Each structure stands twice: as C-alpha cells, then as structure tokens.
Amino acid sequence: FLVQPDDKIVYSQRMDFYGTDAIRRLNADGTPDVGFQEYSGQFISVQLLQGDGKIIAGVRLNPDGTVDESFRPEELGGSVAQQNDGKLITAGRYDSLPYGVRRLFLDGSLDPSFAPGMGLTVISGVKIERARLLPNGKIVIAGSFNYIDDLPRKGIAVLNHDGTPDEGFDAGELLVMPYRDPDLHGHFAQSDGKIFVNFEGRLVRLNPDGTEDGTFQYTPATAGGSVVTGEQGDKLLINGPDGLVRVDRNGTRDFSFQPAVNGRVLFVEPDGKIMVTGDNRSAPGCILTVPSTPFSPAWAASPPSISSIP
C-alpha cells in the first residue's frame, strides 16, 4: 500500500496461487480509480511513490498506471527509498558488489560512487535485509554483517548520503548473539531519528548514536516479537502478539485505543486515520478512526480466495 498526496491509495493484491499480483488504485473513499490502468506481474508489490508521482513496483509505473519504459534497473531489492536528490536507495540480497544496499540513478542504472559493500564481511555470508531513510537523509541498514568498510558494525549501521559509514552511530555489541547472526526485524525510524529494532523478540529503541534508549520500555502481555509500524502524533503504533496497540513514547500502553480490526498498520494518514490490513473473515482493508468513519473498498464484499492484500 501507499497513499498519494491526493489521498488516492495504490495497492497490490495477490490474484492466484501462482503468484500473479495486480497493482491497482482506489479513490480516497475506497472506490476503484478507473483512470488508473491495472498492472499485473509475478510476485510484485508496491514499493515507493516517487516525488514526481511515478510508482515503483518491480517496474516503474507512470501516474496513470502505464509502464515507464525508461526505467530499467539491473536489479531491484525488496525495499526502495528516494533521497532528496532523486536517486533511489534499494536493499536486497545481491550476490555481487556492492552487497546489500545500492543507489540507482532515476533510469535504474547503478550509481558507482555509492559502494558501502566494500569491506563488508561475515562468517556466514552477507545479508542486508532492509534499508530505510532517516529524517536527516542518512540511511539505516540492518542484516547480518560484522564490518562496513574498515569499521566494525554488527547487525545494524547508519550510512551517510554517499554510502560511507556514519562513524557517530555504533550499537557495539548490543544486538549481537553468540554463535549466530543477529535476528533483526522491522526496524522503524521515529521522526526524531531514533530507531526501533525487534531483536530476539525484544523491542529496542536506539538513540541517534546507536546506544539503547532506556526511557522506552514495552513488554507485550503475550510473549513474542513486536514491531513499531507507525507514529500517530505523539503516540506509537505497535503490531505484535497483543494485536494492534498504541503506546506513549516511553512504551506505556494506551488502553483508550481499542481498534475495531487488529490488522497490520500500512500507514498513518495526515489527519491521524490509520490504514490497516485485516483478514479474509473481515474486510481486507479498513481505516480505523476515533470515532469510526465509513470506508468501503471495492473488494470488501468479495475478498480474494487465496490471500489478503500484501
């Protein structure tokens, strides 16, 4: 899912058992946008809305849904972000240098000046699973690695705009497990630059210098991993074993928040409404509000038989 500045919603939906996905767009009220040409492909998903309104979803689509043939990336990772200069940051399990995270020009070609993979070594093999832009334009990466260039960075690191490691961010041994790679999932950047990671089932918040922020303490009532999936004003939204919950900045649960659907947060709209996924026994997509307001996506009456919207 992604939401456009005009409140239209672009989403991907699994269509069959063979992995055929469709990229579609809804109007702000949930009705189909007939002006958007549906695009279909194998195992694709909506990844990024560029600043010019084009949509990256494995390929790049023009604002009307037609394919932008000028975009021909050699390899596109699972996550994509756009820097202020328009260049694209993409993360994936690349088998050649630069490993893990790359920067592309707008035509999809590789930017050779961005090479953070040089000197990246681990015993079991390099894996950079995720990359996310921070509010200051730097890039946080997470995965399985011990070094970036000549600096020891284990499991998580921050890169400068040019791909060099940020020497001011160092989590040290905080996220290291003996005899195996760190298990990092769902890292999320707050608007103030602090970073959440789910580490071995524990939700940890890191300061901008990489040290643990001890002012945040959240323990779910049910054992299991939790991930921060959004900010709503001065509150944080968390998905985990307790379902969808809202907490204060220090991790204290806000019990006044009782969502009608315990779906995963896709995004928080500027007015505070929350777009979530549900399951096939209820509406696959809905907006949560306090109080609730109507939202009727076209597929709600007849959800797909194989899976809900990715």
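Reckoned from all heavy atoms, side chains included, excluding hydrogens, waters and symmetry mates. Quantities reported herein were computed from a predicted structural model and do not represent experimental measurements.
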**Request:** Please answer whether the main-chain N or O of T66 pairs with a side-chain N or O of D64 as donor and acceptor at a distance below 3.5 Å.
**Result:** yes
**Prompt:** Shortest non-hydrogen contact from P241 to S226?
**Reply:** CD-OG, 3.4 Å
**Request:** Over all heavy atoms of both residues, which pair between G193 and L134 is shortest? Give the atoms and the distance, please.
**Result:** O-CD2, 4.4 Å
**Asked** Would you say V67 and V46 are hydrophobically clustered, going by side-chain heavy atoms of ILVMFWY under 4.5 Å?
**Response** yes
**Prompt:** Does the side chain of V245 come within less than 4.5 Å of F255's, by heavy atoms?
**Reply:** no
**Message:** Would the distance check show the side chain of R60 and the main-chain N or O of D107 forming a donor-acceptor pair, the cut-off being under 3.5 Å?
**Reply:** no
**Heavy-atom pair with the smallest gap, counting every atom of G58 and L76** = O-CD2, 3.6 Å
**Item:** Test side-chain contact (heavy atoms from CB on, under 4.5 Å) applied to R246 and I274, L237, I238, the passing residue
**Value:** L237
**Request:** Kindly state each residue pair satisfying salt bridge (Lys or Arg N to Asp or Glu O under 4.0 Å) with at least one member in residues 44-57, sequence neighbours excluded.
**Result:** K54-D68
**Message:** Surrounding CG of D85 (heavy atoms of other residues, nucleotides or ligands, distance under 6.0 Å), is the total greater than 12?
**Reply:** yes
**Asked** Can any side-chain N or O of N27 pair as donor or acceptor with the backbone N or O of K8 at less than 3.5 Å?
**Response** no
**Message:** Using only atom types and a distance under 3.5 Å, with no angle test, would you say the side chain of D209 pairs donor to acceptor with the backbone of G168?
**Reply:** no
**Message:** Whether the side chain of N250 engages the backbone of T252 through a donor-acceptor N/O pair (distance < 3.5 Å, no angle test) should be reported.
**Reply:** yes
**Prompt:** Can you tell me if T215 and R249 form a side-chain donor-acceptor pair at under 3.5 Å?
**Reply:** no
**Asked** If we only count heavy atoms from C-beta on, is the Q190 to P135 side-chain gap below 4.5 Å?
**Response** no
**Prompt:** Between L110 and F105, what is the shortest heavy-atom contact and its length?
**Reply:** O-CE1, 3.6 Å
**Request:** Fit a plane to each ring of F196 and F216, take the angle between them on a 0 to 90° scale, and name the class: parallel (under 30°), tilted (30 to 60°) or perpendicular (over 60°).
**Result:** perpendicular
**Message:** Main chain of G51, side chain of Q82: is a donor-acceptor contact present, judged purely on distance under 3.5 Å?
**Reply:** yes
**Prompt:** Quick one: does L236's side chain get under 4.5 Å of E231's, heavy atoms only?
**Reply:** yes
**Request:** With the side chain counted from C-beta on, respond yes when K194 and D213 share a heavy-atom pair under 4.5 Å apart, and no when they do not.
**Result:** yes
**Prompt:** Quick one: CG on N239 to OG1 on T229, what's the gap to the nearest 0.5 Å?
**Reply:** 4.0 Å
**Request:** Using a strict cut-off of less than 4.0 Å between a Lys/Arg side-chain nitrogen and an Asp/Glu carboxylate oxygen, indicate whether K154 and E173 qualify as a salt bridge.
**Result:** yes
**Item:** Distance, nearest 0.5 Å, that separates CD1 of I56 from CG of L61
**Value:** 9.5 Å
**Prompt:** Got a second to check how far F188's CZ is from R205's CZ, nearest 0.5 Å?
**Reply:** 11.5 Å
**Request:** Would you check if E212 and N207 make a side-chain contact, meaning some heavy-atom pair closer than 4.5 Å?
**Result:** no
**Request:** Measure from the side-chain N and O atoms of T90 to the backbone N and O of G77, and report whether any donor-acceptor pair falls under 3.5 Å.
**Result:** yes
**Asked** Is there a side-chain contact between D162 and F114 (heavy atoms, below 4.5 Å)?
**Response** no
**Prompt:** Do we see a donor-acceptor contact under 3.5 Å between the side chains of S79 and Q47?
**Reply:** no
**Prompt:** About how many Å separate CZ of F169 and CD1 of I156, when rounded to the nearest 0.5 Å?
**Reply:** 4.5 Å
**Prompt:** F1 and I9: side-chain contact (heavy atoms from CB on, under 4.5 Å), yes or no, with the steps?
**Reply:** CA-CA 7 Å; F1 268 78; I9 300 163; 3.3 Å; yes
**Fill in**
For I148 and A157 the tightest heavy-atom approach is CD1-CB, 3.5 Å
**Asked** Taking D21 for the side chain and I44 for the main chain, is one N or O donor matched with an acceptor at less than 3.5 Å?
**Response** yes
**Request:** For L244 and V261, run side-chain contact (heavy atoms from CB on, under 4.5 Å): C-alpha distance rounded to whole Å, both residues' side-chain angles, the deciding distance at 0.1 Å, then the answer.
**Result:** CA-CA 8 Å; L244 173 58; V261 176; over 6 Å; no
**Asked** Is any NZ, NE, NH1 or NH2 atom of the basic residue among D111 and K87 found under 4.0 Å from an Asp or Glu carboxylate oxygen of the other?
**Response** yes
**Prompt:** Is the shortest side-chain N to carboxylate O distance from E167 to R153 below 4.0 Å?
**Reply:** no
**Request:** Would you name the heavy atoms of T164 and D149 that are closest together and state the gap between them?
**Result:** CA-OD2, 4.5 Å
**Message:** For the CD1 atom of I55 and the CD1 atom of I23, what is their distance to the nearest 0.5 Å?
**Reply:** 8.5 Å
**Message:** Would the distance check show the side chain of D248 and the main-chain N or O of D254 forming a donor-acceptor pair, the cut-off being under 3.5 Å?
**Reply:** no
**Request:** Working to the nearest 0.5 Å, report the span between CG of L88 and CG of L106.
**Result:** 5.5 Å
**Request:** Just do the side-chain contact (heavy atoms from CB on, under 4.5 Å) check on R264 and V276 with the steps written out, would you?
**Result:** CA-CA 5 Å; R264 183 175 178 84; V276 301; over 6 Å; no
**Message:** Test of understanding: clusters of I, L, V, M, F, W, Y form through side-chain heavy atoms closer than 4.5 Å, transitively. Do I141 and L151 belong to the same one?
**Reply:** no
**Fill in**
Quick note, salt bridge (Lys or Arg N to Asp or Glu O under 4.0 Å) partners involving residues 132-144, not counting sequence neighbours, are K138-D166
**Prompt:** Between Q232 and G272, is there a donor-acceptor pair closer than 3.5 Å when you use the side chain of the first and the backbone of the second?
**Reply:** yes
**Request:** Output, in order, the C-alpha distance, side-chain angles, deciding distance and verdict of side-chain contact (heavy atoms from CB on, under 4.5 Å) for V10 and L49.
**Result:** CA-CA 9 Å; V10 182; L49 178 67; 6.0 Å; no
